[in-house]
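Working notes for the structure below.
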Amino acid sequence: MKKILAMLLAVMMMVVAAGCGGGGDKASSGSGAASSGGKKITMGFSQIGAESEWRTANTESVKKAAEEAGIELQFSDAQQKQENQIKAIRSFIAQGVDIIAFVPIVETGWDTVLKEAKDAKIPVIVVDRDVKLADDSLYVAKIGTDSLTEGKNVFKWIDEYMTKENKKPRGGTDQFQVVVLEGTVGSSVANGRQKGFKDEMAASPNAAKYNILASQTGEFTRQKGQEVMESFLKSDRDKIDILFAHNDDMALGAIQAIEAAGLKPGKDITIISIDGVKGIFQAMIEGKANCTVECNPLQGPVLMETAKKILNGEKVEKMVYVPEGVFPADVAEKTLPERKY
Ligand code: GYE
C-alpha cells in the first residue's frame, strides 16, 4: 500500500511540474518566443505611415525588436489617416491579440476605440506621440520623447548661436525674423514643439530680439516643407533670418527652396530642426544646416520589454522616455558614422 501511495505522489508531482512550465504561466520565456498563457505573444501595431526618415526608422525599430523578442507583430500602416488606425485597432480586438500598441497621428478622437480595447481586456501602449483622453486608464503606458523639451532646446540653441556668432538681422530691423515649418496639424509633437519653442522664447531675456514672421504646417514631409518655404521666400526673401522646422525632412526640403531662391542655407538663413536623421547630418557637414535636436525613433526594444512586463502582470511606468541630445553642425562630421538612423 505504501509503495502504491509513494508512486501516486510521484506521478502527481510530475504532472504539476509539467503544468507550471508551459500552462498557466503568462510570463514571457527568457529565451525564444515570448509567451502569454503558453502561446506566442501577438501584438497589434498601428503605425501612422512613412512620411519621414524618422518614421521609417521608427517602424524598422519596432519590427526588428518584435522579431528579437519572439513577439508576433500584426503591423498596420494607416497611410496618415486616423480612421485607418481606428479600423486597425478594431481589427486587432476582433483577432484577440494579446496587446495593442499604436502611434496616435493626432491627439484626440481615441476614447471610443480604446474603451472597446479595455472592454475586451486587451492592454494598450501608446508609442511616440501623445493622446488626449477623458480617462487615462484606457492605456497602460506611453513610450516616446519629450516634444516640449525638444522645442525649448531649439530656442535655447538659436539664442546662444545668434549671440555667439554676433549675427545681425538681414532685413534691416532690430529683430531676427523667424519662420516655422510645423508638423502634422493636431499632433502632440507639433503642438509640444511649438509650445516649447514659444515658451522658451517668451521666458528669455532676449525675447524682444525675435519675431515669428510666419508659421505653417509642412506636414512633416520634405516635399511640403519645400513648397511652404518657397511661399515664405516669395513674401519675405530678404527678411528671413532663421528657419525652425519641426522635423529634419521639412528642413531638407526647405534647403532646396532656399538655394533655388539664390540664398545660402546655413549662412543667410540659420536652420535648426528636430529628429537627428542622417540626412540632416550630411546637410550640416555641407554647411547647409546649423543644428538638429534629436528625437529618438528607436523605441522598439523598450516597447517590447514593456509589453512583456504588462502581460507578465508586472507594474510599468505610465511614461517611458527614450534618451535624446542636441547636435550642432560642428560635431556633425564625427557623429554621423555613429548614427543608427
Ligand atoms: O519628428 C517626424 C515624424 O512623431 C516624433 O513624426 C514623430 C515625428 C517626427 O514624421 O519626422
Side-chain angles (χ1 to χ4, degrees), residues 45-62 77-82 84-85 101-108 110 125-132 142-154 180-197 215-229 243-255 271-283 289 291-300 302-303 319-327 339-341:
F45 185 85
S46 168
Q47 180 59 285
I48 60 178
E51 73 283 358
S52 64
E53 287 181 41
W54 190 97
R55 184 62 55 207
T56 305
N58 182 242
T59 292
E60 284 166 7
S61 173
V62 168
D77 176 335
Q79 307 285 321
Q80 309 295 328
K81 289 186 172 62
Q82 181 177 30
N84 289 346
Q85 291 199 278
F102 77 114
V103 176
I105 186 166
V106 293
E107 287 186 299
T108 55
W110 304 102
I125 302 176
V126 176
V127 177
D128 172 17
R129 299 184 182 178
D130 294 319
V131 287
K132 268 194 179 143
K142 156 82 194 317
I143 290 161
T145 54
D146 182 349
S147 50
L148 199 67
T149 301
E150 290 158 1
K152 289 178 183 287
N153 285 340
V154 165
V180 183
L181 290 170
E182 298 175 23
T184 303
V185 176
S187 68
S188 64
V189 281
N191 295 341
R193 289 171 182 173
Q194 192 78 344
K195 181 174 181 350
F197 179 73
S215 187
Q216 189 180 327
T217 184
E219 297 168 7
F220 279 136
T221 68
R222 190 178 291 214
Q223 175 59 39
K224 192 72 180 165
Q226 180 174 353
E227 287 169 18
V228 176
M229 190 68 203
L243 164 64
F244 164 31
H246 283 192
N247 82 332
D248 296 338
D249 284 64
M250 293 190 290
L252 292 168
I255 286 168
I271 298 174
I272 181 167
S273 52
I274 299 175
D275 277 350
V277 298
K278 286 178 181 169
I280 204 70
F281 277 84
Q282 191 51 47
C291 183
T292 185
V293 172
E294 185 181 31
C295 172
N296 189 339
L298 308 180
Q299 300 162 354
V302 176
L303 170 59
M319 176 67 219
V320 183
Y321 285 109
V322 287
E324 46 197 25
V326 179
F327 297 92
R339 298 300 296 167
K340 295 192 179 71
Y341 63 93

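Computed from a predicted structure; not experimentally measured. Ligands are counted one by one from 1 in listed order, and the atoms in each one are counted from 1 as well.
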Enumerate the residue pairs fulfilling side-chain hydrogen bond (donor to acceptor under 3.5 Å, both in side chains) with a member in residues 273-283, sequence neighbours excluded, ordered by first and then second residue.
D248-S273, Q282-E286
How about F281 and F327: are their ring centres within less than 6.0 Å of each other?
yes
Strictly under 4.0 angstrom, heavy-atom based: which residues surround ligand 1?
E51, S52, W54, R55, D128, R129, V189, R193, F220, N247, D275, C295
Validation row, ring centre W54 to ring centre F220 under 6.0 Å
no
Does the side chain of E51 reach to within under 4.5 Å of the side chain of E219, using non-hydrogen atoms?
no
Check: S215/Q194 side-chain N/O donor and acceptor closer than 3.5 Å:
yes
Salt-bridged, D128 to R55, with N to O below 4.0 Å?
yes
